[in-house]
Amino acid sequence: MNIRTRLAVQFSLLASFILGAAFLVVYLRAAEFRQEQFRDRLYERGKNVANLLLQVDEVDERLLRKIELNSTVRLPEEVIALFDDHDEQVLRLGVDKDLPFGEMIAIAKKQGTMFRVDDGRESIGFVFQNGTLSNTVIASGFDRFGRGKLNDQAKVMLATFLIGLVTIFLIGRVFAKRALSPFQRLVQELHSIGASDLSKRVDPGNGTDEKAQLASSFNALLERLQGAFTAQKNFVSNASHEMRNPLTAVSGQIDVLLLRSRSEKEYETALRSVQEDLRSVNRLNDRLLLMAQAEIESNLIHFDPVRLDEVIWVAREEVLRMNNAYSVDVKIADVESDMDLTVNGNTILLRSMITNLTENACKYSPDHHATITVRGGHKEVVLRVDDNGPGIAEAEQQRIFEHFFRARNTGGAHGHGIGLALVKRIAEQHGGKVKLESELGKGSSFIVLLPNGGPLPSQHT
Ligand code: ADP
């Protein structure tokens, strides 16, 4: 069942409940009123007959029967009976119908009045005081007219109820259609947006109702998707560009080398250059792989309690192996227990983060020296990598964390502009952040803040 029909059905059910309850109350009240009226009429008939016979001297039973024969106020299938003090029948008028007079008289005498209904026949009994004598009057009959009227009324109410129900259902459907039509338009608009055309946006309408809120949410989602798609496209094209440069250089060198025969020395020089280019491609490839790993959801990465000082020593070794000219000092401060330097993390990613920062410090500083300081803490572990390098211009400080961005200060040092983007991503994956303090001509300090201890045990896979 679609929403439109469901709304119309719910609307109709509610309305039918209210309408049905109202009609039932009206019907019950009308039935009660009819019975009260008929009871009064029975009482009047019984009282009149008893009055005439017992209190008007001129009227005897014969005359009374004559009067009653022509009476127009007689009730359908009426029976009127009068009993004396000793419950002996004094008079009986009307149809020949067997009624339980004994029972009726007993109740009437006991309670003063009696009323009962047997198969639609309504009977009333009451004590009629005639001087000192107590007579009992029983009047009984069928309220054909009243009951017929009540039945007609019930039929009219039932028909009104059914017609009303159908009308409410149809009107409900129209209202539901009207209420849902903006959403249907929204669905159509969304259908027209393909994966290749994420620049399209849906119409937010008047900007205040639910449809507008939904449309704005979709637009925000499309915005993010478009951003992610563009970033991915740029990333792939930048990555292939970075790969192509050294590979083209290698291919060019080999072409030149093969033009004629060369001396051993020339071959060696060329091969060393090729080796350097291939190492660069290899490094880029490693970083791209790490980047891909760091980009995946953090709950898919394996996290363990990791001693940061141990990772720092391994990273230091790795950097020192890259270039004989590099030197790295390590300082460990504010450590009271092993836990002070423990973070919940992925060793490979953390090592790559520290290696990248340390390599940059050595690579860009004229003295090729880096100082790594790690400071323990109950809440967070602070890792600093300082150098005495050229520093980074303020305008470029935010951009250096973008993929493939290289500042103007590189001074011919090789690189691909991917290391710091990776560092930032890894820090974020670990619930931390990276800050940069740098001044041109004085050096740079990259500060990584990581939550201490085991805040992410649920992320273990
Ligand atoms: P790469 O070093 O391969 O170029 P990175 O992403 O590691 O790529 O760094 C981006 C840019 O930030 C570098 O090109 C460089 O201009 C600047 N940079 C990074 N680290 C330092 C540093 N310690 N001192 C000065 N500049 C730096």
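Both ligands and their constituent atoms are indexed starting at 1 by order of listing.
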For E396, is the nearest heavy atom under 4.0 Å from an atom of ligand 1?
-> no
Measure the distance from atom 13 (C) of ligand 1 to every protein heavy atom, then report the residue, atom name and distance (to 0.1 Å) of the closest one.
-> Y364 OH, 3.4 Å
A student checking ligand 1 against I392 at a 4.0 Å heavy-atom cut-off should list atoms 18 (N), 25 (C), 26 (N), 27 (C)
Pair E32 + R29: basic N to acidic O under 4.0 Å = yes
Starting from atom 24 (N) of ligand 1, locate the nearest protein heavy atom and write down its residue, its atom name and how far away it is, to 0.1 Å.
-> S444 OG, 3.6 Å
Top protein contact for atom 7 (O) of ligand 1, by heavy-atom distance | N360 ND2, 2.7 Å
Mind checking whether H416 has an N or O less than 3.5 Å away from an N or O of ligand 1?
-> yes
Ion pair present between R147 and E122, side-chain N to carboxylate O less than 4.0 angstrom?
-> yes
Short N-O contact, K97 and E77, less than 4.0 angstrom = no
Under a 4.0 Å heavy-atom limit, does R406 contact ligand 1 with its side chain, its backbone, both, or neither?
-> both
Salt bridge between R384 and E437, side-chain N to carboxylate O under 4.0 Å?
-> yes
Under a heavy-atom criterion of less than 4.0 Å, does G417 contact ligand 1?
-> yes
Is any N or O atom of T410, backbone or side chain, closer than 3.5 Å to an N or O atom of ligand 1?
-> no
Where ligand 1 meets L420 - atom numbers and elements under 4.0 angstrom, heavy-atom basis | 5 (P), 6 (O), 7 (O), 9 (O), 10 (C), 12 (O), 19 (C)
Is there side-chain contact between V319 and C362, with heavy atoms separated by less than 4.5 Å?
-> yes
Which of N356, I348, T355, L349 passes side-chain contact (heavy atoms from CB on, under 4.5 Å) with S352? Answer is N356
Using a 4.0 Å heavy-atom cut-off, say whether H414 meets ligand 1 through its side chain, its backbone, both or neither.
-> neither
Measure the distance from atom 23 (N) of ligand 1 to every protein heavy atom, then report the residue, atom name and distance (to 0.1 Å) of the closest one.
-> D387 OD2, 2.8 Å
Atoms of ligand 1, numbered as shown, that sit under 4.0 Å from any heavy atom of F405 | 10 (C), 11 (C)
For atom 16 (O) of ligand 1, which candidate among V423, T358, N409, I418 holds the nearest heavy atom?
-> N409
Ligand 1 to G419 polar contact by distance, N or O atoms, under 3.5 Å = yes
Matching residue for K211 among P182, S181, P204, S216 - test: side-chain contact (heavy atoms from CB on, under 4.5 Å) | P182
Using the six-membered ring of F115, assess whether NZ or CZ of R39 lies under 6.0 Å from its centre and within 45 degrees of the ring axis.
-> yes
Taking all non-hydrogen atoms of both residues into account, name the closest pair between I138 and M114 and its distance.
-> CD1-CE, 4.3 Å
Under 4.0 Å between a Lys/Arg side-chain N and an Asp/Glu carboxylate O for R287 and E359?
-> yes
Among protein heavy atoms, which sits nearest to atom 12 (O) of ligand 1, and what does the distance come to when rounded to 0.1 Å?
-> I400 CG2, 3.4 Å
Output yes when E189 and K200 qualify as a salt bridge under the 4.0 Å nitrogen-oxygen rule, no when they do not.
-> no
Is ligand 1 under 4.0 Å from a heavy atom in the side chain of A407, in the backbone, in both, or in neither?
-> both
